[in-house]
*Asks:* 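This structure is in structure tokens; I'll ask about it shortly.
All values reported here derive from a predicted model rather than from experimental measurement. For this chain, numbers begin at 1 and follow the sequence in order. As the structure lists them, so they are numbered: ligands from 1, and atoms in each ligand from 1.
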Amino acid sequence: MTVERGLRWADVDPARPREGMTGPVLPASVLDATPECLFVTGPDGRIVFANRRVQELTGFAPSDLEGASAQLLLPEDLRAEQRGTFESRCHRADGATIAVEVHLGRIEGPEPLVVVTLRDITEGRNAEARIAFLAYHDSLTGLPNRELFEELLAGAIARARRHDLAVAVVVLNLDNFRLVNDSLGHQAGDELLAELAARLRVCTRETDVVARLGGDEFLLLLADLPRGSGPQQDDQPLQISESVGARVHEALREAFLLSGAEFYASASLGISLFPRDSMDAQTLLKNADAAMHHSKRVAAGGSVVFCEDDDDEDDAMERLSLSTRLRRAVESQHWVLHYQPIVDLGDCSVMGVESLVRWHDPNGGIVPPGEFIPLAEEMGLIDAIGDWVVDEMTSQHRIWCDEGLDLQVSFNLSPRQLSSPDLARHILGKLQAGRIDPSRVMVEITESTAMADPDRTQTILTELRSWGLTLAIDDFGTGYSSFARLKHMPVQVLKIDRSFVHDVNRDRDLAGMVRAMIQLAQSLGMTPLAEGVETRAEYEFLHANGCRLAQGYLFSRPVPPDQIAALARGRLLPDSG
Ligand code: C2E
Ligand code: CA
Ligand code: CA
């Protein structure tokens, strides 16, 4: 580059005269010809000259720039800038910014000038970002790799320590990946892994990390999980990780389309929790891995929660996670149905029974429904359980009828069951197959379920009603019913939630509410039924205030069917002494 010194701008380039400008100058034609992108600023920080390359880079014409402050292009105040070379962001005429390397050359004199050279480093930046991304991500699936996972895990553990939270690590390994690679080829194997990655992203929460370790092994990180207090403080994080695991198994149930062929994959999961199982990242990963291998041995396609001495096979079943055991329970129908008498408060006779399901876990004893119904709903298993309940209840009703006992039987419907469009027909089909008169059957739907989608509920209830079934709103008082809605629901029984009944004889507020609920039921032509009656005083209050029906430990707990006949033949209340 030729630099001619001692010339004025006007002398070199008559097209761009600069009045009163003295000092060293460069001929514009020369500067336009260089491959460098450069402009010159005067003592006031304004641009006195910009070459053609600046226009190419920024989109500003020299006439836009000359006379304008250099801060139109760069955020720095170049007059004060001490650095000779630095990286910055250059503003373009279209509003975008680009990464540039800036070089400043000072020309001292009575009117000092600064020659600013710009170099576009966006390309390099992008390449660097790409390289950084590749270093931390798996190229096949785009998921974080082991390194990034470990960094994120370390961060999650640090947060959990500070805020008393829990962290779950889940290791996932496909059960039949070799089969794909061997029979369908590597291309199909890659397709499977990419599709699996996509499904894992969908079935986890936004904040969960899904990473690929390599091969067919994936990791999930569930961070910032709330903990409870007391000895059960890890129940909640356990439940959350179990339900994520359940969702993963669920997401795998659909066939994978690999090179045009359908393929069914299953995976084994191992779960370990901070701080429950370990306080450090490496041990957590090791534990989750051990649990995953454990699952492979005893329950491929299931989940196992880590447990100390995990290589001990004796109580293998006990270590299967709740979701895995639940799935097995559905397959082998490990259910029992207990029945709780519903009592007519007029004469304390048994007018019917409510069916309440229990899980007979061969290793865990009798599990109450509160502990597995929510998970079963989430896993999509509730329909199978609900079907079993109706079948079992109808055949039990037959047995009672044969013994000369014609009780009304009721069963509970869960929210998820209500989303099936032909639920009413489905139930009716079962009742017909079991040869039970629909008018002897009552269906219970909780208030919050009924009000969640009142139009759909009303349609289903109306159809059930038209077949002659009795309908009840369960847990009344715990949801938010609109009076107008309630009025139009074809419901005959209002079950007052037991939280209102407990101590109703002692608490004046409760007493007022329960009286109001009884009156509400009566004014809507419904029969009030009080749940959870435990004391004689509660019973007397309810009876005195016009409540027709009741259930509760005072009369009987839910019992196996063979105890019902004896209960139903007597009166369920000892005479007051
Ligand atoms: P729910 O329908 O409100 O059932 C009444 C629950 O109250 C039962 O608990 C029963 O044992 C309990 N209970 C009855 N009397 C008393 C009492 O005097 N005091 C106290 N403290 N509790 C009493 P359970 O059997 O544990 O059932 C809990 C819930 O599980 C049921 O609440 C129901 O929502 C659900 N569930 C039970 N069986 C089924 C089923 O077959 N299908 C569906 N979808 N849900 C069911
Ligand atoms: Ca109920
Ligand atoms: Ca209830």
*Asks:* Check ligand 1 against E354 and write out every atom of the ligand that is under 4.0 Å from a heavy-atom position of the residue.
*Replies:*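 Checking each atom against E354, I get 2 (O), 4 (O).
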*Asks:* Give a yes or no on whether atom 34 (O) of ligand 1 lies under 4.0 Å from any heavy atom of the protein.
*Replies:*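 No, because not a single protein heavy atom sits under 4.0 Å from atom 34 (O) of ligand 1.
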*Asks:* Starting from atom 46 (C) of ligand 1, what is the nearest protein heavy atom, named by residue and atom, and what distance separates them?
*Replies:*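 Closest protein heavy atom to atom 46 (C) of ligand 1: N412 CB, 3.9 Å.
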*Asks:* Check the side chains of S303 and H249 for a donor-acceptor pair under 3.5 angstrom, ignoring hydrogens and angles.
*Replies:*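 H249 vs S303: donor-acceptor pair found between side chains.
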*Asks:* Do me a favour and list the nearest non-hydrogen protein atom to atom 38 (N) of ligand 1 with residue, atom name and distance?
*Replies:*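 Ranking protein heavy atoms by distance from atom 38 (N) of ligand 1, first comes V357 N, 3.2 Å.
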*Asks:* Should we count CZ of R398 as having more than 12 external heavy atoms under 6.0 Å?
*Replies:*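 Correct, the count exceeds 12.
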*Asks:* When you look for heavy atoms under 4.0 Å from ligand 1, do you find them on the side chain of S414, its backbone, both, or neither?
*Replies:*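 For S414, the contact with ligand 1 is made by both the backbone and the side chain.
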*Asks:* I'd like to know whether CZ of R456 has more than 12 heavy-atom contacts from other residues, nucleotides or ligands below 6.0 angstrom.
*Replies:*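 It does: R456 CZ has more than 12 such atoms within range.
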*Asks:* Does the shortest distance from the Ca ion (ligand 3) to an N/O/S atom of E531 fall below 3.0 Å?
*Replies:*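 Yes, within the cut-off.
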*Asks:* Mind checking whether H338 contacts ligand 1 via backbone (N, CA, C, O), side chain (CB onward), both or neither, at a 4.0 Å heavy-atom cut-off?
*Replies:*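 No part of H338 comes within reach of ligand 1.
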*Asks:* Heavy-atom pairs closer than 4.0 Å: do any link ligand 1 to the side chain of D475, the backbone, both, or neither?
*Replies:*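 Near ligand 1, D475 shows its side chain, while the N, CA, C and O stay back.
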*Asks:* Between E354 and N412, is there a side-chain donor-acceptor contact under 3.5 Å, judged purely by atom types and distance?
*Replies:*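 Per modelled atom types, N412 and E354 side chains form a pair under 3.5 Å.
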*Asks:* Looking from the Ca ion (ligand 2), what is the angle between OE2 on E354 and OD1 on N412, to the nearest 10°?
*Replies:*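 If I round to 10°, I get 90°.
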*Asks:* Please list, in number order, the atoms of ligand 1 under 4.0 Å from a heavy atom of R498.
*Replies:*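 This gives 6 (C), 7 (O), 12 (C), 13 (N), 20 (C), 21 (N), 22 (N), 23 (C) as the contact atoms.
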*Asks:* Run the numbers for me: atoms of ligand 1, each under 4.0 Å from some heavy atom of E531, listed by number.
*Replies:*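 Under 4.0 Å from E531, ligand 1 has these atoms: 3 (O).
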*Asks:* Quick one: look up the protein heavy atom nearest atom 18 (O) of ligand 1 and list residue, atom name and how far away it is.
*Replies:*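 The closest heavy atom on the protein side is Y553 N, 2.8 Å.
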*Asks:* Quick one, E392 with V357, criterion side chain to side chain contact (heavy atoms under 4.5 Å, CB included). Give me CA distance, side-chain angles, the key distance, then yes/no.
*Replies:* CA-CA 10 Å; E392 175 64 21; V357 72; over 6 Å; no
*Asks:* Is it the case that the side chains of T462 and T459 hold a donor-acceptor pair, with the cut-off being a distance below 3.5 Å and no angle test?
*Replies:*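 Per modelled atom types, T459 and T462 side chains form no pair under 3.5 Å.
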*Asks:* May I have the step-by-step check of side chain to side chain donor-acceptor pair (under 3.5 Å) for D175 and S268, ending in yes or no?
*Replies:* CA-CA 6 Å; D175 296 326; S268 298; 2.6 Å; yes
*Asks:* Of all the atoms in D474, is at least one N, O or S atom closer to the Ca ion (ligand 2) than 3.0 Å?
*Replies:*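 Yes, within the cut-off.
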*Asks:* Where's the contact between R557 and ligand 1, heavy-atom distance under 4.0 Å: side chain, backbone, both or neither?
*Replies:*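 Neither part.
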*Asks:* Please confirm whether S355 comes within less than 3.5 Å of ligand 1 when only nitrogen or oxygen atoms on both sides are compared.
*Replies:*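 No, there is no polar N/O contact under 3.5 Å.
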*Asks:* Does either side chain, that of T470 or that of Q492, offer a donor lying less than 3.5 Å from an acceptor on the other one?
*Replies:*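 No, no side-chain donor-acceptor pair sits under 3.5 Å.
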*Asks:* What's the spacing between L174 CG and K296 NZ if we round to 0.5 Å?
*Replies:*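 Output value for this atom pair is 7.0 Å.
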*Asks:* Suppose we only allow N, O or S atoms; which atom of D475 ends up nearest to the Ca ion (ligand 3)?
*Replies:*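 Closest to the Ca ion (ligand 3) among those atoms: OD1.
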*Asks:* Would you say G552 and ligand 1 have an N/O pair spaced under 3.5 Å apart?
*Replies:*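 So ligand 1 has no N or O lying under 3.5 Å from an N or O of G552.
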*Asks:* Is the Ca ion (ligand 2) under 3.0 Å from any N, O or S atom of S410?
*Replies:*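 Of the N, O and S atoms in S410, none lies under 3.0 Å from the Ca ion (ligand 2), which means no.
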*Asks:* What atoms of ligand 1 come closer than 4.0 angstrom to any heavy atom of P558?
*Replies:*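 Result: 11 (O).
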*Asks:* Is atom 13 (N) of ligand 1 less than 4.0 angstrom from at least one protein heavy atom?
*Replies:*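 So far as the 4.0 Å threshold goes, atom 13 (N) of ligand 1 is in reach of a protein heavy atom.
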*Asks:* Below 4.0 angstrom from a heavy atom of E534, which ligand 1 atoms are there? Numbered from 1 as shown, please.
*Replies:*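 Those of ligand 1 that fall under 4.0 Å from E534 are 17 (C), 18 (O), 19 (N), 20 (C), 21 (N).
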*Asks:* For residues D277 and N287, report the shortest heavy-atom separation together with the two atoms involved.
*Replies:*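 In this case the closest contact between D277 and N287 is O-ND2, 3.6 Å.
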*Asks:* Will you find, in the side chains of S349 and D344, an N or O donor that is under 3.5 Å from an N or O acceptor?
*Replies:*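 Not at all, the side chains of S349 and D344 share no donor-acceptor pair under 3.5 Å.
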*Asks:* Quick one: nearest non-hydrogen protein atom to atom 10 (C) of ligand 1, plus distance?
*Replies:*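 Result for atom 10 (C) of ligand 1: L356 CD1, 3.9 Å.
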*Asks:* Could you pull out the closest heavy-atom pair between E262 and L257, with the gap in Å?
*Replies:*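 Closest approach of E262 to L257: CG-CD1, 3.8 Å.
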*Asks:* Quick one: does D474 get an N or O within less than 3.5 Å of an N or O on ligand 1?
*Replies:*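 It does: an N or O of D474 is found under 3.5 Å from an N or O of ligand 1.
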*Asks:* Give the name of the N/O/S atom in E444 that lies closest to the Ca ion (ligand 2).
*Replies:*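 The nearest such atom is OE1.
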*Asks:* Which heavy-atom pair separates R440 from D406 by the least distance, and what is that distance?
*Replies:*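 Looking at all heavy atoms of both residues, the shortest contact is NH2-O, 2.9 Å.
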*Asks:* Show your working on side chain to side chain donor-acceptor pair (under 3.5 Å) between E444 and S410 and close with a plain yes or no.
*Replies:* CA-CA 7 Å; E444 303 190 6; S410 91; 2.8 Å; yes
*Asks:* More than 12 heavy atoms of other residues, nucleotides or ligands under 6.0 Å from CD of E254: is that the case?
*Replies:*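 It does not: E254 CD has 12 such atoms or fewer within range.
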*Asks:* Just let me know how R358 lines up against ligand 1, side chain, backbone, both or neither, with a heavy-atom cut-off below 4.0 Å.
*Replies:*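 The answer is the side chain of R358.
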*Asks:* Using a 4.0 Å heavy-atom threshold (strictly under), name the region of V389 that reaches ligand 1: side chain, backbone, both or neither.
*Replies:*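 Within the 4.0 Å criterion, V389 contacts ligand 1 through side-chain atoms alone.
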